[in-house]
Q: 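Below are the structure tokens for one structure; questions will follow.
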Amino acid sequence: MRLSRFFLPILRDDPKEAEIVSHRLMLRAGLVRQASAGIYSWLPLGFRVLKKIEQIVREEQDRAGAIELLMPTIQSADLWRESGRYDDYGQEMLRISDRHDRDMLYGPTNEELITEIFRNAVRSYRDLPRNLYHIQWKFRDEIRPRFGVMRGREFLMKDAYSFDLSVEDAKRSYNKMFVAYLRTFERMGLKSIPMIAETGPIGGDLSHEFIILADTGESAVFCDADLVALDAPSDDIDFDGDLTPVIEQWTAKYAATEDMHDAARFEKEVPENRRLSARGIEVGHIFFFGTKYSEPMKCHVQGADGKLITVQSGSYGIGVSRLVGAIIEASHDEAGIVWPAQVAPFDLGLINLKPGDESTDGACEDLYNKCLGAKLDVLYDDTDERAGAKFKSMDLIGLPWQLIVGPKGLKEGQVELKNRASGDRQSLSPDEAVNALAATAS
RNA sequence: CGGGGCAUAGCGCAGCCUGGUAGCGCACCUGCUUUGGGAGCAGGGGGUCGCAAGUUCGAAUCUUGCUGCCCCGACCA
């Protein structure tokens, strides 16, 4: 993509409404614009990141055996009356009526709808287990939206719902999601720690929050520092095999958010030198809630013995749009965003320091095409800005690599390759630079 | 929803107290000079001063009402 043809409205000054760093950087770097309180438009650069995150979530859900579908944003109130949540959910649910005065709502979550879909379609125990998920916009009318996309009212969420014949089977489904989540966040360059969680209005008695550590995190968290050192399961893990050793490895040690924190237990179970108290951002939440919805909504299947079985369910959320902010909170410096390569909107920025100069333009065009040929996603700054402004902007938007091309270097046959995260620079021939970049991308 | 604050050009702000017909920096446009970490000079464009009433000869400025947004708290992916 040529910057001269892209849409990237960068702000030089901090907008005053943005307090926390991710919100500030998302506005400045042209990722989002606020449409109204807690509701954002995703500009091209931010949209690319959102799509990358969504795709990683999708791939790991699929790997864990979940099946993607898509449910609507607008739901009928009737279903929610059936589960009893129409009244329970309160003002957080945006209620709408249509032209016939029917009660509708903008879905804050989808347990009712998925249960309705499942009960209508499935009659036999042979069709279980299943885990169905979608990635869809939700709306929760928060009393006070804040922190940009981290706590918006409209947000993109992956929510999965499992259906099993027994509590034991359901726990297996839960474990699959547990492992998938560890992998998902690790692939985004994040260290996530599962913590014992409150179940909130969704209900249920087995639940973990997946927290990533960031100084600006919204809640205090306490855990055994050993958990931070653990690696997520590799991509050859067998989701149909026994996952309990992995779960045990991650849940044996103390980890809790402030709501669930037990200081006495913390001090008893964790040696002093491993007691980590930090701040964290919740990016995922998994629940097992058994028959909370299947019972009132009569989601039954017929078992091998001919008797009806009430299905056992869980639900599993990931805040996809929140993750964009969370990643920035976890990965930035004074100059701007530092994208982990896996979610970066482009692989690299190619900076032409002297547009209009024949040799520089020629070298840049050549490099641009070679990068594209090597399947690198490149943002080519071919604009007529001054060098300093280009450097500042490129640092701000935080692409992992900068390929800097100017007449001085070219005289020596060299271009400069800068790593955004470390700041390291090396001078290379143009071909060496492309090869080096292609190697990092593969 | 309680408490606090803000609303003037795309962004950041001054002007308001003490009413007199709107200004600064950055950004933007034109030209010249510059050109490896947010250049200089000159010229230029852009505003129903959040909305509505009221007071007044006259309102960005005073009064009242409304709306929007931000921050702290309680609540949440």
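Below, chain A is the first sequence line, B the second, and so on; all start at residue 1. From a predicted model like this one, the values you see are computed outputs, not experimental measurements.
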Q: Can any side-chain N or O of A/Lys191 pair as donor or acceptor with the backbone N or O of A/Leu230 at less than 3.5 Å?
A: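 At least one qualifying donor-acceptor pair exists.
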Q: Which word best sums up how the rings of A/Phe266 and A/Tyr254 line up, parallel for under 30°, tilted for 30 to 60°, or perpendicular for over 60°?
A: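 Rings of A/Phe266 and A/Tyr254: tilted, 30 to 60°.
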Q: Given B/C69, B/C75, B/C71, identify the nucleotide with an atom nearest to the side chain of A/Glu19.
A: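 Output: B/C71.
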Q: Please give, in whole Å, the distance from B/C13 C1' to A/Leu11 CG?
A: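 Atom-to-atom, A/Leu11 to B/C13, this comes out as 15 Å.
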Q: When you compare B/C49 with B/A60, how far apart are their P atoms, in angstrom units rounded to a whole number?
A: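 Approximately 7 Å lies between the P atom of B/C49 and that of B/A60.
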Q: Rounded to whole angstrom units, what separation is found between the CD1 atom of A/Ile212 and the C1' atom of B/A77?
A: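 Between C1' of B/A77 and CD1 of A/Ile212: 13 Å.
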Q: Run the ring pair (Phe, Tyr, Trp, His ring centres under 6.0 Å) test against A/Trp401 and tell me which residues pass, sequence neighbours left out.
A: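 A/Trp401 satisfies ring pair (Phe, Tyr, Trp, His ring centres under 6.0 Å) with no other residue.
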Q: Which part of the nucleic acid does A/Lys418 contact within heavy-atom distance under 4.0 Å: base, sugar-phosphate only, or nothing?
A: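 Base contact.
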Q: For B/G4 and B/A74, measure between their C1' atoms and round to the nearest Å.
A: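 After rounding to an integer number of Å, I get 16 Å for this pair.
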Q: Is the closest basic N to carboxylate O distance between A/Asp62 and A/Arg58 below 4.0 Å?
A: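 Salt bridge flag = no for A/Arg58 with A/Asp62.
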Q: Report yes if a donor N or O on one partner sits less than 3.5 Å from an acceptor N or O on the other, where the partners are the side chain of A/Arg28 and the base of B/G12; otherwise report no.
A: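 Check fails, no donor-acceptor contact within cut-off.
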Q: Rounding to an integer number of angstrom, what distance separates B/G10 and B/C51 when you compare their P atoms?
A: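 Straight-line distance between the two P atoms is 13 Å.
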Q: If the sugar-phosphate is the primed atoms plus P, OP1 and OP2 and the base is the rest, what is the B/S/- string for nucleotides 23-30 of chain B, using protein heavy atoms under 4.0 Å?
A: --BSSS--
Q: A/Lys16 NZ to B/G10 C1': how many Å, rounded?
A: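 In whole Å, B/G10 C1' and A/Lys16 NZ are 15 Å from each other.
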Q: With rounding to the closest Å, how many angstrom separate the P atoms on B/U61 and B/C16?
A: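 To the nearest whole Å, 12 Å.
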Q: Between B/C13 and B/A52, how far apart are the two C1' atoms, rounded to whole Å?
A: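 The answer is 27 Å between these two C1' atoms.
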Q: Sticking with atom P, work out how far B/C41 lies from B/G50, rounded to a whole angstrom.
A: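 Per the computed distance, 32 Å lies between those P atoms.
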Q: Roughly how many Å is it from CG in A/Asp384 to P in B/G36, rounded to a whole number?
A: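 These atoms are roughly 14 Å apart.
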Q: Tell me: CD of A/Gln91 to P of B/C76, nearest whole Å?
A: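 Rounding to the nearest Å, CD of A/Gln91 and P of B/C76 are 15 Å apart.
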Q: Just to be sure I understand the rule, does A/Glu209 reach a base, reach only the sugar-phosphate, or reach nothing, if contact means heavy atoms closer than 4.0 Å?
A: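 The residue A/Glu209 makes no contact with any strand.
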Q: Can you give me every donor-acceptor pair (side chain of residues 142-150 of chain A, partner residue at least two apart or in another chain, under 3.5 Å) with its distance?
A:
none

Q: Which of these nucleotides, B/A74, B/A77, B/C69, is closest to any side-chain atom of A/Arg146?
A: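 Closest of the options to the side chain of A/Arg146: B/A74.
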Q: Distance check, P atoms only: B/G25 and B/G37, in whole angstrom units.
A: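 So the two P atoms sit 25 Å from each other.
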Q: Quick one, A/Phe210 with A/His208, criterion ring pair (Phe, Tyr, Trp, His ring centres under 6.0 Å). Give me CA distance, side-chain angles, the key distance, then yes/no.
A: CA-CA 6 Å; A/Phe210 285 72; A/His208 286 90; 7.1 Å; no
Q: Report the nucleotide, chosen from B/C6, B/A39, B/C72, that has the shortest atom-to-atom distance to any side-chain atom of A/Phe147.
A: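 My answer, after comparing the listed nucleotides, is B/C72.
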Q: Is the side chain of A/His332 donor-acceptor paired with the backbone N or O of A/Ile328 at a distance under 3.5 Å, no angle test?
A: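 Between the backbone of A/Ile328 and the side chain of A/His332 there is a qualifying donor-acceptor contact (under 3.5 Å).
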Q: Once ring pair (Phe, Tyr, Trp, His ring centres under 6.0 Å) is applied, do any residues pair with A/Phe6, and if so which ones, sequence neighbours excluded?
A: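 By the ring pair (Phe, Tyr, Trp, His ring centres under 6.0 Å) rule, A/Phe6 matches A/Phe346.
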Q: What integer distance in Å separates A/Asp141:CG from B/A77:P?
A: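 The distance from CG of A/Asp141 to P of B/A77 comes to 15 Å, rounded to the nearest Å.
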Q: Measure all distances between protein nitrogen or oxygen atoms and nitrogen or oxygen atoms of nucleotides 1-4 of chain B, and list the pairs falling under 3.5 Å.
A:
none

Q: Hey, does A/Gly148 reach any base, or is it just sugar-phosphate, or nothing, if we go heavy atoms under 4.0 Å?
A: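 Touches nothing.
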Q: Between B/G38 and B/G20, how far is it from one P atom to the other, in whole Å?
A: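 41 Å, rounded to whole Å.
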Q: For A/Lys354 and B/A39, give me the distance from atom NZ to atom C1', rounded to whole Å.
A: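 After rounding, the reported distance stands at 15 Å.
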Q: Assign A/Arg33 to base, sugar-phosphate, or nothing according to its heavy-atom contacts below 4.0 angstrom with the strands shown.
A: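 Counting heavy atoms under 4.0 Å across all strands, no contact is made by A/Arg33.
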Q: Is A/Gly317 touching bases, backbone alone, or none of the nucleic acid, heavy atoms closer than 4.0 Å?
A: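 Result for A/Gly317 = nothing.
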Q: Check each residue of residues 388-397 of chain A for a non-hydrogen atom within less than 4.0 Å of any atom in RNA chain B, then write out the ones that pass by number, or none.
A: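 Here the set is A/Gly388, A/Ala389, A/Phe391, A/Lys392, A/Ser393, A/Asp395.
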